[in-house]
Structures are given as structure tokens and as C-alpha cells.
Protein chains: 2
Amino acid sequence: MPSKKLAYRNLPHLFLKAREELLCHFRPIITHFGLTEQQWRILRTLDEKNELEPREICELCHILSPSLTGVLSRMEAIGLVTRQRMPGDQRRVIVRLTPKSEKLVAELGPLIVAQYKIIEQALGPELIKQLYDIMDQLIATEKGPITRIALPEKKDWANMTD
Amino acid sequence: MPSKKLAYRNLPHLFLKAREELLCHFRPIITHFGLTEQQWRILRTLDEKNELEPREICELCHILSPSLTGVLSRMEAIGLVTRQRMPGDQRRVIVRLTPKSEKLVAELGPLIVAQYKIIEQALGPELIKQLYDIMDQLIATEKGPITRIALPEKKDWANMTD
DNA sequence: CAAAACTCACTAACATATTAACCAATCAGC
DNA sequence: GCTGATTGGTTAATATGTTAGTGAGTTTTG
């Protein structure tokens with residue numbers, strides 16, 4: 001028989017679900033152009049900021065550095081971005097859109113906006129506003145100090161026989 | 001120069017960010033026990049439902065079927081779940097916790113709850129309530145008909161020279 | 001009853017996530 | 001100027017996400 005149920009709803013899981021419920025309306029548009037979610041996030045961000053360094057992309061697009069290395073390599077290989085070492089600091093890199101990807105964004109962007117409008121209408125603009133409001137609150141508050149509970153001694157559950 | 005900026009904020013991306021802001025407080029607990037996020041989601045759900053079929057786990061835990069195959073294989077290999085073919089229908093499978101994983105949930109679950117309480121206090125219980133409320137609204141509304149915009153003819157951007 | 005359609009889990013191939021470790025370039029301090 | 005610490009990007013190894021397809025088992029239909 002199962003042990004006692006967890007008393008709290010799974011909030012992170014709820015975010016995952018909500019995100020998927022929204023994204024499923026955009027995914028077909030993005031994949032139609034042969035892009036992945038992450039590639040589109042990067043293109044969109046680059047279009048807005050003009051040029052970015054990898055660590056900035058990591059921060060803005062929520063992609064971890066090791067993942068980004070591969071994503072940028074593939075994007076560079078198919079001519080969606082250029083990578084150029086920064087003259088003053090040979091460690092750093094500058095990533096830019098290509099003429100080709102600028103055209104792509106110009107064609108894809110309006111479709112995303114149009115789909116947004118449809119969704120906004122379906123959900124009701126007030127709900128959208130409330131969402132933005134609460135999410136901003138959440139992300140702002142999270143910066144504050146949240147203590148971490150104490151963890152018990154480590155047990156290697158994976159290799160226990162019992 | 002960049003084309004015109006997209007007029008809408010990226011709502012799915014906001015969910016991604018919010019989820020991460022929350023999850024980062026739970027991840028250390030989960031990994032401390034040698035589990036992955038998905039493994040814990042499955043253990044937690046199994047603990048609540050007692051036994052589940054793979055497609056039910058996919059639905060409840062938001063894991064796609066091909067991913068689940070691997071996750072369950074690994075979990076079975078280290079003795080966290082059992083998989084048993086259903087007698088009446090040889091296509092179907094029943095997944096259950098083991099005594100070992102029941103103990104694990106009994107030890108891990110309360111820690112998750114405790115961390116939840118800390119976060120709830122930090123964010124303020126009203127904010128949490130509003131969050132649940134809006135998320136439920138969102139997910140409920142999403143079931144309604146949201147039309148998909150028409151897509152232009154397919155272009156193979158990846159293999160274009162220009 | 002037999003063929004077609006369907007369901008379920010799985011495999012395959014590729015992209016991304018996650019953690020740890022690596023390495024060259026830069027910087028801090030002496 | 002040299003050593004030690006730091007930064008920025010990368011590689012490696014493993015786990016999961018994503019899409020398409022497979023194959024056995026079951027249901028539907030003629």
C-alpha cells in the first residue's frame with residue numbers, strides 16, 4: 001500500500017504543463033521552418049539584441065552553456081548565425097544573425113505574433129495580464145533568500161539490495 | 001540591423017523561467033538521493049496511485065512514451081519499480097513501486113513538503129493561491145478550440161545558400 | 001473467420017539537458 | 001614579470017526530449 005500522499009500540489013509540474021499547453025500552438029509554426037524551439041529562442045533574442053555573447057544567450061534563453069555549444073555549432077553549420085572571436089579578449093565570442101536568418105525571423109516572427117493574438121483572445125486579455133503580473137511577482141520574489149532544508153545523511157538507494 | 005521587434009512577451013519562456021526558479025530549490029534534495037527529476041515525478045505519482053500503466057505515467061508526468069521506456073528501464077534496473085505484463089492484454093504493462101522505493105518516498109516526500117512550506121512562506125500564501133488559481137484557469141481554458149494560423153509554403157531555410 | 005484498422009510499447013536517430021572536468025586566456029597580487 | 005585564481009567556452013558521459021517508424025497484440029469490420 002502506498003505511504004501517505006504528499007500534501008502539496010506540484011507547482012513546478014504545473015508550470016511544465018501550462019508551458020506545454022501554450023507551446024503546442026507554436027511548435028508547428030517553428031518546426032515548419034525546420035527550426036527547433038531553442039534555435040527559435042536564440043534567433044528571436046538575437047533579432048532583438050542585435051549581437052550577443054554566448055553567456056548572455058545562456059542567461060536570456062535559459063540554455064546551459066554545454067548545450068549552447070552544440071546548438072550554436074549546428075546553427076552556424078546551416079548558416080543561421082556567425083561566431084566571431086572578440087578582438088580584445090580571445091576567450092569571448094560574438095554571435096550574430098546572418099542575412100538569411102534575418103529574413104527568416106522577418107517571415108516567422110509575424111506568424112508567432114498572429115498566433116499569440118489568437119491565444120490571447122481565446123484566454124481573455126485579463127487572464128494574460130494577470131499571468132504576466134503574477135509571473136513577474138514570482139520571479140522577483142524568488143531573488144530573495146529561501147533557505148534550504150537540511151538533508152539527511154546520504155544513502156545510495158540505487159545500489160541497495162533491499 | 002535587426003528587423004522589427006516581436007510585440008509580445010514570450011509567455012512559454014516565462015513559464016520555463018518560473019519553473020526553474022522553483023525547481024532549483026528542490027533539485028538538490030532529489031539529486032541527494034541519486035534520483036533525477038523525472039524519476040522522482042514517477043515515484044511520487046506511483047506512490048499516490050499505487051499502480052499505473054506506462055501511458056498513464058506519460059500523461060500524468062508529462063513524459064513522452066519513448067523517453068519513458070528508457071527511464072523505466074533504468075529504474076527497473078536499480079530496483080525502483082517493477083514492470084509486469086498485464087495478463088488479459090499482452091500489449092499492456094503495469095508499473096509498481098518496490099518496497100525499497102516505497103521507503104525512499106517515505107523518506108524523501110517529507111523533505112519536499114518541508115521545502116514547499118518554506119517557499120510558500122517566502123512567496124506568501126496568497127500568491128501561491130493566485131498561482132494555482134490562474135494555472136488551473138489556463139489549463140482549463142486551453143482545452144477549448146484555439147485555431148492555428150495558416151502556414152506559408154515550406155521553405156528549406158537550413159539548406160538555402162543565401 | 002479473415003483482413004483491415006487500431007493500440008501499446010518499443011526502437012532508432014538526432015537534439016538538448018545535466019553534471020563534471022578540461023583548457024586556454026585573462027586578471028589579481030605580489 | 002610570475003604565480004595563483006578566475007573567467008569563458010568547450011569536451012565527455014549519461015539522461016531525457018522529440019519525431020518517425022516498427023511489430024506484436026487486440027479490436028473492428030466485412
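Given the structure is predicted, the values throughout are model-derived calculations rather than measurements. Chain A is the first sequence line, chain B the second, and so forth, proteins listed ahead of strands; every chain is numbered from 1.
- Nucleic acid contact class of B:Ile63 (heavy atoms, under 4.0 Å, all strands): sugar-phosphate only.
- Note on B:Arg19 versus B:Glu37: salt bridge recorded, some NZ/NE/NH1/NH2 to OD/OE distance being below 4.0 Å.
- Running 5' to 3' along DNA chain D, contacts with non-hydrogen atoms of chain B at under 4.0 Å begin and end at D:dA15 to D:dT26.
- Of the possible donor and acceptor atoms, none in the side chain of B:Arg96 sits under 3.5 Å from a partner among the backbone N and O of B:Asn50.
- The interatomic distance linking A:Arg74 (CZ) with C:dA15 (P) rounds to 5 Å, in whole Å.
- For the pair A:Pro66 and A:Glu20, both in contact range of DNA chain D, the more 5′-proximal nearest nucleotide belongs to A:Pro66.
- Listed by chain and residue number, B:Tyr116 satisfy the ring pair (Phe, Tyr, Trp, His ring centres under 6.0 Å) test with B:Phe26 (two or more places apart in sequence, or in another chain).
- Between A:Leu68 and A:Gly88, the residue whose closest nucleotide on DNA chain C is further toward the 5' end is A:Leu68.
- When distances are taken from the side chain of A:Thr36 to each of C:dT16, C:dC8, C:dT11, the shortest belongs to C:dT16.
- The CG-P distance, from B:Leu52 to C:dA9, rounds to 11 Å in whole Å.
- Put simply, the side chain of B:His32 never gets that close to the backbone of B:Arg27: no donor and acceptor are under 3.5 Å apart.
- Using modelled atom types, no side-chain atom of B:His25 and backbone atom of B:Ile118 make a donor-acceptor pair closer than 3.5 Å.
- Take the nearest nucleotide of DNA chain D for A:Ser73 and for B:Gln90: the residue whose nucleotide is more 5' is A:Ser73.
- Of the possible donor and acceptor atoms, none in the side chain of B:Lys17 sits under 3.5 Å from a partner among the backbone N and O of A:Cys61.
- Dashed line: the shortest gap from a side-chain N or O of B:Arg83 to OP1 or OP2 of C:dC10 is under 4.0 Å.
- When atom types are taken as modelled, the side chain of B:Thr31 and the backbone of B:Gly34 share no donor-acceptor pair closer than 3.5 angstrom.
- Remark: P of C:dA15 and CD1 of A:Ile42 are 14 Å apart, rounded to the nearest angstrom.
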Original post:
Given the rule in the side-chain hydrogen bond (donor to acceptor under 3.5 Å, both in side chains) test, do B:Arg41 and B:Thr36 qualify, once you have shown the distances and angles that lead to the verdict?
Top reply: CA-CA 9 Å; B:Arg41 252 186 282 162; B:Thr36 66; over 6 Å; no
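- A close approach under 4.0 Å does not occur between any side-chain nitrogen or oxygen of B:Ser65 and OP1 or OP2 of C:dA9.
- Looking at B:Arg83, its side chain never comes within 3.5 Å of a backbone N or O of B:Val93 through a donor-acceptor pair.
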Output a table of nitrogen or oxygen pairs between the protein and nucleotides 4-7 of chain C separated by less than 3.5 Å.
| unit_1 | atom_1 | unit_2 | atom_2 | d |
| --- | --- | --- | --- | --- |
| C:dT7 | O2 | B:Arg91 | NH1 | 3.2 |

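- Between the P atom of C:dC14 and the CD atom of A:Gln38 lies a distance of 18 Å, rounded to the nearest Å.
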